[in-house]
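Written below as structure tokens is the structure these notes are about.
No experiment lies behind these values; they were computed from the predicted model shown. In listed order, ligands and their atoms are each counted from 1.
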Amino acid sequence: MRQKIVAGNWKMNKSLTEAQTLASEVINMVKDEYRGNGVMVLCPPSPFLGVVVNLAKGQPNVGVGAQNCHEKDSGAYTGEISTSMIKSTGATYVIIGHSERREFFNENDALLAQKVSKVLDEGLTPIFCCGEPLGIRESGNHIKFVKDQLSNGLFHLSDEDFKKVVVAYEPIWAIGTGKTASSDQAQEMHHELRLHLATKFGDISNDTSVLYGGSVKPDNAADLFSRPDVDGGLVGGASLKSRDFADIVKAI
Ligand code: PGA
């Protein structure tokens, strides 16, 4: 279902106490100040999932998600977390294919396609990330590059499964750099991505939430989110400050 979503990706930051403080502050601010029907999703580091789920309990329109998962059910995979573990905490979203996972952990399209299926089989919602590095953008091949990521990561899904997927377009050159894509650049890519998804999934692509990520801040969020194909954001750095993140949520 196409929804307005702002997801905060905390990455590898915060202690348990800091995570509790951040989650409670942002949940309270959004409860007091946000009157829309969009969804806020908090994606803390996995040791804190259960704690954040408890803080979010009973809050309408607040979800909790993991930042990654393993593609297998269980077993001898030291250090990994499974989708059933994530589900058992009460979290309902999983970020899949973040560029940092692709780059630093060598996650390729074939593996990500398996992870997406695993998340869906578990009854969770994948937030599937795509996005081009600077060199590809400068070469002018960025639209094809990102379309290929979508084909390789998602086109094996049935229509029923694809309906549950959230897509996040995150140009790598904009992540953590303070360099945001302009709202025109975001809109152009999101529109192209939706057209591409339609070649496989038809009208369902009109119901897909496509989020923008890459240096979303309180002062650029409203402009980005005002564009017709931008359904919200995936936020890194600014999700670590409760006031900034709440202000971004208020912009959806
Ligand atoms: P950023 O990160 O907001 O710090 O650029 C976005 C992301 O990595 O999802």
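Using modelled atom types, no side-chain atom of Arg137 and backbone atom of His142 make a donor-acceptor pair closer than 3.5 Å.
Within 4.0 Å of ligand 1, protein heavy atoms belong to Asn9, Lys11, His98, Glu170, Ala174, Ile175, Gly176, Gly214, Ser215, Leu234, Val235, Gly236, Gly237, listed by chain and number.
Every salt bridge (Lys or Arg N to Asp or Glu O under 4.0 Å) that Glu33 has, sequence neighbours left out, goes to Arg243, Lys250.
Within a 6.0 Å sphere centred on NZ of Lys241, heavy atoms belonging to other residues, nucleotides or ligands number 12 at most. By the 6.0 Å contact criterion, CG on Asp203 is open, its count of non-hydrogen atoms from other residues, nucleotides or ligands being 12 or less.
Residue Phe162 is tested with Leu120, Ile204, Asp207 for a side chain to side chain contact (heavy atoms under 4.5 Å, CB included); the sole match is Ile204.
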Could you go step by step and tell me if Lys217 and Asp247 meet the salt bridge (Lys or Arg N to Asp or Glu O under 4.0 Å) rule?
CA-CA 9 Å; Lys217 305 281 182 237; Asp247 285 344; over 6 Å; no
